[in-house]
Novice: 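Handing you this structure, nothing more for now.
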Amino acid sequence: MPELPEVEVIRRDLDREVAGKKIKAVEATGLRSIRRHKSKKAFISAVEGHTIKSVTRRGKYIVMRLDGDTALVAHLGMSGRLLRAKNAKVPSPKHLHVVFTFSDNSQLRFVDPRTFGEMFVTSYLEIEDEVTELAHLGVDPLDEAMSWETFGRLITSRHTKLKTLLMDQKFVAGIGNIYSDEILFAAGLRWDRTADSLSAEEIRRLSRAIIETLNEAVKYRGSSLADEQYVDLFGQPGGFQDRHQVYDREGKSCPRCYRTLVRARYSNRSTFFCEACQI
DNA sequence: ACGCCCGCCTGTAAGC
DNA sequence: TGCTTACAGGCGGGCG
């Protein structure tokens, strides 16, 4: 769920809301959410008393830089939420696992029903040595401008389905099931096309579709689906779901050619596409 | 290198 | 109505 656009929306709000604030107290109830640490105590002492300097993002990871050259890293997994509260009196939602209270008494809360998400503290300067997942991430499509020629060389070196490749965090960072379908529709390419079969023109279309789709999604503050968990830092849902062309639209008509959109099962996952517009 | 399945989780909804 | 099953999907790991 939270994919690059949703994580980016949260990052921007976090940078505005919590950067510069000092963490006065930390409460950790869900041990699974801080599973990289040996104990609750180890996590709390690494954070307490520190100030959040800035908030950046790498793929789906949120990196809160702390003073003392450490970083508080968050990955929301499938159902993780970061929520701001004015103070401790604001009622706690279900599945609240970690609470940071700042010196102005406002709070940052980590809520996660399915507990696939996590938070941990690591060295900021050696973050890539200590966190292999971050070191292995591919290019961030919103972060670094990559020429479509470079992108093309990377694509044609792989003999795998486009959908697999787009969702491979080591290839490009931040794309999940929703946006891979939207990107492939925008590019007019089938999910099961083999990467090394793409023409130069198709590579150009795909690289443009990645950037445009993700930028549009950020502009509309991400996607919140009916059964989905995503809300922003203030508890507000996104608006991009109303602009989805294919995702979760099986049986509805293609916005381009009006043919019925179909769903395929692939690796136990749903893929939505138009059989006419995507080749 | 790639495809594919599993395990980790809970909430929701469809099916019997 | 009430139980069971499927599904949602990010990600690492394992196996063929």
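Lettering follows sequence order; numbering is per chain, from 1.
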Novice: Closest approach to the side chain of A:H95, judged atom by atom: which nucleotide of B:dC8, B:dG11, C:dG10 is it?
Specialist: B:dG11

Novice: Whole Å only: how far is the NE2 atom of A:H136 from the P atom of C:dG13?
Specialist: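 It works out to 10 Å between those atoms.
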
Novice: State whether A:E202 and A:R193 are salt-bridged, where the test is any N-O pair (Lys NZ or Arg NE/NH1/NH2 against Asp/Glu carboxylate O) under 4.0 Å.
Specialist: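 Salt bridge flag = yes for A:R193 with A:E202.
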
Novice: Does A:R158 have a side-chain nitrogen or oxygen under 4.0 Å from the phosphate oxygens OP1 or OP2 of B:dC2?
Specialist: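 So the side-chain polar atoms of A:R158 do come within 4.0 Å of the phosphate oxygens OP1 or OP2 of B:dC2, strictly under.
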
Novice: Any chance CZ of A:R256 has more than 12 other-residue heavy atoms, nucleotides or ligands included, within less than 6.0 Å?
Specialist: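 Open: at most 12 neighbouring heavy atoms sit under 6.0 Å from CZ of A:R256.
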
Novice: Whole angstrom is fine here: how far is it from CG in A:L134 over to C1' in C:dC11?
Specialist: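 In whole Å, C:dC11 C1' and A:L134 CG are 13 Å from each other.
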
Novice: Check whether any side-chain nitrogen or oxygen of A:R263 sits under 4.0 Å from OP1 or OP2 of C:dA8, and answer yes or no.
Specialist: yes

Novice: If you assign each of A:I175 and A:R265 to its closest nucleotide in DNA chain C, which residue comes earlier from the 5' end?
Specialist: A:R265

Novice: With a cut-off of less than 4.0 Å, is there a side-chain N or O of A:T115 near OP1 or OP2 of B:dT10?
Specialist: no

Novice: Got a sec: does the NZ of A:K170 have more than 12 other heavy atoms crowding it under 6.0 Å?
Specialist: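 Counting neighbours around NZ of A:K170, 12 or fewer heavy atoms of other residues, nucleotides or ligands fall under 6.0 Å, so no.
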
Novice: Can you tell me how far C1' of C:dC7 sits from CG of A:N177, to the nearest Å?
Specialist: 12 Å

Novice: Under 4.0 Å between a side-chain N/O of A:R32 and OP1 or OP2 of B:dC8, yes or no?
Specialist: no

Novice: Let me know the distance between CD1 of A:I178 and P of C:dA8, rounded to the nearest Å.
Specialist: 12 Å

Novice: Can you tell which of B:dG3, B:dT10, C:dG10 lies closest to the side chain of A:K60?
Specialist: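 Taking heavy atoms from C-beta onward, the closest nucleotide is C:dG10.
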
Novice: Considering residues, nucleotides and ligands other than A:K53, do more than 12 of their heavy atoms fall under 6.0 Å from its NZ?
Specialist: no

Novice: Which one, C:dC7, B:dG3, C:dG10, comes nearest to the side chain of A:T164?
Specialist: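 Shortest atom-to-atom distance from the side chain points to B:dG3.
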
Novice: Using the six-membered ring of A:F272, assess whether NZ or CZ of A:R249 lies under 6.0 Å from its centre and within 45 degrees of the ring axis.
Specialist: no

Novice: Quick check for you: among B:dC4, C:dC11, B:dC2, whose closest atom lies nearest to any side-chain atom of A:Y266?
Specialist: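 For A:Y266, the side-chain atoms sit closest to B:dC4.
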
Novice: Quick check: on DNA chain B, is the nucleotide nearest A:T160 upstream (toward 5') of the one nearest A:R269, or the reverse? Name the residue that is more 5'.
Specialist: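 Per heavy-atom nearest nucleotide, the more 5' residue is A:T160.
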
Novice: Roughly, in whole Å, what's the span from CD in A:E250 to C1' in C:dA8?
Specialist: 14 Å

Novice: Given atom CG of A:L165 and atom C1' of B:dA1, what is their separation to the nearest angstrom?
Specialist: 12 Å

Novice: A:M167 has a side chain; which of B:dC9, C:dG10, B:dC2 sits nearest to it?
Specialist: C:dG10

Novice: Does A:Q169 place a side-chain N or O at less than 4.0 Å from the phosphate oxygens OP1/OP2 of C:dG10?
Specialist: no

Novice: Just to be sure I understand the rule, does A:S79 reach a base, reach only the sugar-phosphate, or reach nothing, if contact means heavy atoms closer than 4.0 Å?
Specialist: nothing

Novice: Between B:dC9, B:dC2, C:dC11, which nucleotide gets closest to the side-chain atoms of A:H159?
Specialist: B:dC2

Novice: To the nearest Å, how far apart are A:H97 NE2 and B:dT10 C1'?
Specialist: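 In whole Å, B:dT10 C1' and A:H97 NE2 are 10 Å from each other.
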
Novice: Quick one: does NZ or CZ of A:R221 land under 6.0 Å from the six-membered ring centre of A:F240, within 45 degrees of the ring axis?
Specialist: no

Novice: Identify which nucleotide among C:dC7, B:dC9, B:dC2 has an atom closest to any side-chain atom of A:F116, counting heavy atoms from C-beta outward.
Specialist: B:dC9

Novice: Output the rounded distance in Å from CG (A:D181) to P (C:dG10).
Specialist: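 Atom CG in A:D181 sits about 10 Å away from atom P in C:dG10.
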
